[in-house]
Amino acid sequence: MSAARDIRPRQDDLGVQTQHISTSPSASFHSPSSHSSALARTIPVINAKHLKPFATTDIKVLLLENVNQAGRDMLQQQGYQVEFLKSSLPEDQLIEKIRDVHVIGIRSKTKLTERVLKEAKNLIVIGCFCIGTNQVDLQCAAAQGVAVFNSPFSNSRSVAELVIGEIIALARQLGDRSNEMHNGTWNKVSNKCWEIRGKTLGIIGYGHIGAQLSVLAEAMSMSVIYFDVLNMMSLGTAHQVESLDQLLAQADFITCHVPELPETKGMIGKAQFEKMKTGSYLINASRGTVVDIPALVEAMRSGRVAGAALDVYPNEPAGNGDYFTNDLNEWATDLRSLKNLILTPHIGGSTEEAQSAIGVEVAQALTQYVNEGTTLGAVNLPEVTLRSLTMDEPNHCRLTFLLLFLQVVYIHKNIPGVLRKVNEIIGDHNVDKQMTDSRGDVAYLMADISNVNAAVIKDLYERFESLSSRIMTRILY
Ligand SMILES: NC(=O)c1ccc[n+]([C@@H]2O[C@H](COP(=O)([O-])OP(=O)(O)OC[C@H]3O[C@@H](n4cnc5c(N)ncnc54)[C@H](O)[C@@H]3O)[C@@H](O)[C@H]2O)c1
Ligand SMILES: O=C(O)CC[C@@H](O)C(=O)O
């Protein structure tokens, strides 16, 4: 087989119309579970909607919001066509672009709403190169058979470290002193400046970030309490309180680390500020909707809150520039006028370490899904994987010759009896391995079938596609 990339269809030995892709090792996906990954592999992928196999060079990827180079490189090395933009796109432009792509990579600013997703006729997978997935209509994506992946903890440490820095900066009014010096003013004061040793940190949401922060804070002799809707294992000597009100009443520093959900919207508002200790501090590096900003402004003006740090806002601009004005958020000027308020442009997870780790992790998940159908780590589909078809398999030479193994990836609506119909179809064939799982209304089945030929593939595909419960059928071989 030629090492040159050639995406033209050709007839292979079995007479199946397939496509021929690079055998360069650098174009192979190095799956952690695959011992053959260093060897050249040929992984044509069928996009079900066209009933034609894809060469990897046919896969179109759109990366928005300055996704890290490491992730971009990995996708390019697959041979995919990768378009890269530094910022997000307004909805209408996004719709134009998304119509054409199979894979989209975004961060927190790109809103993949139902309206956008309905136009994404070729889309098979979304990569959120971040933790949050609130910017994607996950249910709509699942109903369309579009898998969504994120990076669940690669930037957690970066956020936790930022928050530790902010706790000290707020306790010592560092932002104000630094601004004054920038304006030429020497203002040596100790009034209302504190050590953090012995103070109580109240963490709302004890997940990846909250737990990491708990350890760091205790290392600096803070005592840690936290509130979470789940019962969690406390790290160190931290302890879980039973209600948000208890946390608000006890903590000197309060920091929010909950996801954006209907229940967390406005979770810290006027009533909660009134329950906080006078002179306490608030930090929000979760999502902008969690804190009611006008209520925060009022609480800071009244002296109830002695300082705050905000990294996230209800409305955030698509790219960098002079956007932090009342045009974007009506209270921006009020915020900018407050003392001891640290404002950062959603940079909690923005470190070199975090971004490159996220780039690699999400690019890997995307590649594994596109090339192998694996949904491990998907946030909206059942997690299903099969052992890779490797050189260690008894029939590995068939893998090398492409069409002797067929992997059917079938996403279907989870209606009772549907699996019986699916199994009736594949039961007539030589099923090497098979796995199914469901999540909500959607079930996902993977099956490796050996000894297939062009007619069998066509028959299988057509029979799956004719099932009324079908969402998406892909055949990878
Ligand atoms: N500023 C940034 O750059 C940045 C970076 C990463 C993550 N984030 C945000 O931080 C959030 C938290 O990240 P994480 O990785 O720790 O998430 P996580 O899912 O690991 O933890 C969230 C925790 O919040 C808890 N929770 C959910 N609803 C709650 C409620 N109503 N009350 C109390 N607890 C509740 C959950 O049980 C969970 O333990 C993310 O969802 C994301 O929006 C921001
Ligand atoms: O990088 C981003 O845009 C989002 C960072 C953070 O909020 C996340 O959800 O991981």
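Atoms within each ligand, like the ligands themselves, are counted from 1 in listed order.
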Problem set entry | Polar atom proximity, T264 to ligand 1 (N or O, under 3.5 Å) | no
Exercise. Would one find an N or O of N155, backbone or side chain, under 3.5 Å from an N or O of ligand 1?
Worked result: no
Exercise. Would you say H208 has any N or O atom under 3.5 Å from an N or O of ligand 1, going by distance alone?
Worked result: yes
Problem set entry | Atom CD of E263: over 12 foreign heavy atoms under 6.0 Å | yes
For this session: Please determine if N134 has a nitrogen or oxygen closer than 3.5 Å to a nitrogen or oxygen of ligand 1.
Result: no
Seminar exercise, completed: Closest to atom 16 (O) of ligand 1 among protein heavy atoms sits I209 N, 2.9 Å
Exercise. Any nitrogen or oxygen of V159, main chain or side chain, under 3.5 Å from a nitrogen or oxygen of ligand 1?
Worked result: no
For this session: Under 4.0 Å, heavy atoms only, figure out whether ligand 2 is touched by the backbone of V312, its side chain, both or neither.
Result: neither
For this session: Can you see which heavy atom on A141 is nearest to which on L117, and at what distance?
Result: N-CD1, 3.9 Å
Exercise. Who's the nearest protein heavy-atom neighbour of atom 3 (O) of ligand 1, and how far?
Worked result: G349 N, 3.0 Å
Problem set entry | Short side-chain donor-acceptor distance under 3.5 Å, S438 and Y444 | no
For this session: Kindly indicate whether a cation-pi arrangement holds for R72 with F84, taking the cut-offs as under 6.0 Å to the six-membered ring centre and within 45° of the axis.
Result: yes
Problem set entry | Those atoms of ligand 2 less than 4.0 Å from some heavy atom in C130 | 4 (C), 8 (C), 9 (O), 10 (O)
